[in-house]
Amino acid sequence: MKEISEKHFGVILAGGKGRRLWPCSREQKPKQFIDFFGVGRTQLQQAFDRFARIIPRQNIYVSTQVEYAHWVKEQLPELRPENVLAEPVARSTAPSVAWAAYRISHVCPDARVIMMPSDQAVIGDEAFEHDVLHCLDFVGQKDCLIAMGVSPTRPEPGYGYIQTGDAAVMEGLYRVQSFTEKPEREFARMFVESGEFLWNTGIFVSNVKNLVNSLRRILPVVLRLIDKEDMVVTMEQELSFIKENFSKFPNLSIDNGVLEKSRNVYVMKCKFGWANLGTWHSIYESRQKGDGDNVVVDSEVLLEDCRNNIIKMPQGHLAVIQGLDGYIVAEAGDVLLVCKKGDSSALVRKYINEVRLKYGEEFV
C-alpha cells in the first residue's frame, strides 16, 4: 500500500462543452459526464478514480462551469462542495488553474499540484502513478513546472508536441526546448522521426507557490486584485469576487499562457499509454480496430463492405451499414450524424453552427 501524502493535490479540468464529439456530447451534458465507452464510469469519474489512488480525496478539486456543477456533484458525491470550482463564465484553462491554485495555496501553502483534463485515456495505472509521484516529489524540492509527455506512436496533427532539451537530474526529465500546438501532418511526421519530441498530454505538475507566481506574471491584473488581503478573506467573499471578476480573465490556455512563458519548465517522458479523447478522429486513432479497420464504440452493428469507420450508437439501437469507407456514424437522442472522418473537428463545428441556425439550440 503506497503512502498518500497530505501535500498532494489534484485539479481535474472538466469545464469544456465537448462540441467536437457532437452529437453524443451535447451542451447540456458534455462528454466528461458521459460513460462514452460503456465501462460503467464517466470520464470525470475515471479521472477522479485515477487521482484518488495517489491523492487524498479531500485534496481533489474539479474545475467546471456553473451549469455543469450539478453533474459533478451527482457523479462524485464523495467530493466536498467547496472542492467544486464552478466558473460563472467560460474561459480557457489558465483562469481555471489560477482559481484552483489560489484556493489550494490557502489550504496548504506548500502543496504539490497535478492538473489534468477529464477527457484523457490513460493506459497503465501503475506506470501513471509511478510517473506522477516522481514528478510531485521533484516539484516539492524545486520551483518548476513539469509537463507530462509521452512518446508519439504516429504523426498525429491534432496533438501538441514538446521538444526535449537537456536531461535534468531526475531520470526521464528534460528541459523543454519548444512547444508546438497541432502542427501540419508533415511537420508532425518530422517530429516523430527525429525522436526529440513528445506528445503533450495536457497534464502538468508544480508546487503551488511556483504555480501562483507563474500565473501572477501571466495574469497580473486579476490576480493582483484577488491578492489584496482586504479583498478575500472568507469563502463567501472569494466566491463573490470570482462571480464579479472571472470574466476579466483572458481566454488563455495553461499551455500557451503559462508553460510557454514561464521559467524552469521541464517535460517528463512518461511510461504510461495515453490518448486524447476530445475528437472523433483521435478516438478512432487510439482505439483497437476491428474487421475492416472499423472502430465500434459500445454499439450493436451489422457491417458489410465497410472500412475505416467509427460508429457510436445508443444502447438498444442496431445499425446496419453497407459500403461506407472513412466515415463517422454517431447517433444520440434526436440527432444522427453521418460524415467523412477526415478533419472531423472542423466538420462537426460547421454542422453544429448550421443546425443551431436552422433548427435551434435543442439539437445542439
Side-chain angles (χ1 to χ4, degrees), residues 11 13-21 30-32 63 90-98 114-122 135 144-165 174-206 211 214-215 217-219 249-270 273-286 341-350:
V11 179
L13 303 170
K17 295 189 179 294
R19 293 188 180 99
R20 295 177 296 174
L21 283 179
K31 62 182 183 293
Q32 60 268 31
S63 171
R91 287 292 179 267
S92 194
T93 52
S96 304
V97 170
I114 174 170
M115 298 142 279
M116 181 176 71
S118 56
D119 58 345
Q120 310 272 294
V122 171
C135 289
C144 66
L145 286 160
I146 299 178
M148 305 194 77
V150 295
S151 297
T153 58
R154 62 183 185 277
E156 173 57 65
Y159 288 174
Y161 289 75
I162 303 173
Q163 185 179 18
T164 57
Y174 301 87
R175 288 276 186 179
V176 169
Q177 189 76 16
S178 67
F179 289 92
T180 304
E181 184 67 16
K182 298 180 181 178
E184 297 292 332
R185 187 173 294 276
E186 278 307 308
F187 281 106
R189 183 173 288 107
M190 291 168 55
F191 291 169
V192 174
E193 290 173 353
S194 75
E196 297 178 6
F197 289 80
L198 302 172
W199 277 340
N200 184 0
T201 66
I203 307 172
F204 310 109
V205 181
S206 176
L211 185 59
S214 298
L215 288 160
R217 288 192 294 270
I218 308 306
L219 308 168
F249 277 109
N251 197 26
L252 200 61
S253 74
I254 191 75
D255 310 58
N256 300 331
V258 180
L259 288 174
E260 292 186 11
K261 297 179 175 67
S262 296
R263 312 177 189 110
N264 289 332
V265 182
Y266 296 85
V267 60
M268 176 73 173
K269 185 177 182 180
C270 298
W274 172 88
N276 185 312
L277 303 178
T279 69
W280 290 110
H281 173 76
S282 63
I283 291 175
Y284 176 82
E285 291 292 340
S286 65
K341 196 165 80 260
D343 183 3
S344 64
S345 297
L347 278 175
V348 169
R349 193 180 305 114
K350 170 180 177 287

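Below, all heavy atoms of this structure are taken into account, side chains as well, without hydrogens, waters or symmetry copies.
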- request: Tell me, with the steps shown, if Tyr161 and Trp199 meet side-chain contact (heavy atoms from CB on, under 4.5 Å).
  value: CA-CA 5 Å; Tyr161 289 75; Trp199 277 340; 3.2 Å; yes
- prompt: Can you name the closest pair of heavy atoms from Ser92 and Leu252 and give their distance?
  reply: CB-O, 3.2 Å
Contacts of Tyr266 that satisfy ring-ring contact (aromatic ring centres under 6.0 Å, His included) - sequence neighbours left out: Phe138
message: To the nearest 0.5 Å, what is the distance between CD on Glu196 and CD on Gln177?
response: 8.0 Å
query: What pair of heavy atoms forms the shortest contact from Pro155 to Pro157, and how long is it?
result: O-CD, 3.3 Å
query: What distance do Lys182 atom NZ and Asn200 atom CG have between them, rounded to the nearest 0.5 Å?
result: 11.5 Å
Closest approach of Gly18 to Lys31 (non-hydrogen atoms, all atoms of both residues): CA-NZ, 3.5 Å
statement: Closest non-hydrogen atoms of Ser253 and Thr93, given as atom of the first, atom of the second and distance, are CA-OG1, 3.3 Å
- prompt: With a 4.5 Å heavy-atom cut-off, do Leu211 and Val97 have their side chains touching?
  reply: yes
task: Please say whether more than 12 non-hydrogen atoms of neighbouring residues, nucleotides or ligands are located less than 6.0 Å from NZ in Lys269.
output: no
statement: In this structure, CD of Glu181 is separated from CD1 of Ile162 (nearest 0.5 Å) by 10.0 Å
query: Parallel under 30°, tilted from 30 to 60°, perpendicular over 60°: which one fits the rings of Phe191 and Phe197?
result: parallel
Interatomic spacing from CZ in Arg175 to CD in Gln163 - rounded to 0.5 Å: 15.0 Å
Gap separating the CG atom of Asp119 from the CG atom of Leu21, nearest 0.5 angstrom: 8.0 Å
- request: Answer yes or no: are there more than 12 heavy-atom neighbours, outside Phe187 itself, under 6.0 Å from its atom CZ?
  value: no
- prompt: Are side-chain heavy atoms of Ser214 and Leu145 found at a separation under 4.5 Å?
  reply: yes
statement: Tightest non-hydrogen contact, residues Val192 and Arg154, listed as CG2-O, 3.6 Å
field: Partners meeting ring-ring contact (aromatic ring centres under 6.0 Å, His included) with Tyr174 (sequence neighbours left out)
entry: none
message: Let me confirm one number: the OG-CG distance from Ser118 to Leu13, rounded to the nearest 0.5 Å.
response: 7.5 Å
message: Ignoring hydrogens, what is the shortest heavy-atom contact between Ser206 and Cys144? Give both atom names and the distance.
response: OG-O, 3.3 Å
Show me the donor-acceptor pairs, under 3.5 Å and distance only, between side chains in residues 275-282 and residues at least two apart or in other chains.
{"residue": "Asn276", "atom": "OD1", "partner": "Gly278", "partner atom": "N", "Å": "2.6"}
{"residue": "Thr279", "atom": "OG1", "partner": "Ser282", "partner atom": "N", "Å": "2.9"}
{"residue": "Thr279", "atom": "OG1", "partner": "Ser282", "partner atom": "OG", "Å": "2.9"}
{"residue": "Trp280", "atom": "NE1", "partner": "Trp22", "partner atom": "O", "Å": "3.1"}
{"residue": "His281", "atom": "NE2", "partner": "Glu156", "partner atom": "OE1", "Å": "3.3"}
{"residue": "Ser282", "atom": "OG", "partner": "Asn276", "partner atom": "O", "Å": "2.9"}
{"residue": "Ser282", "atom": "OG", "partner": "Thr279", "partner atom": "N", "Å": "3.2"}
{"residue": "Ser282", "atom": "OG", "partner": "Thr279", "partner atom": "O", "Å": "2.9"}

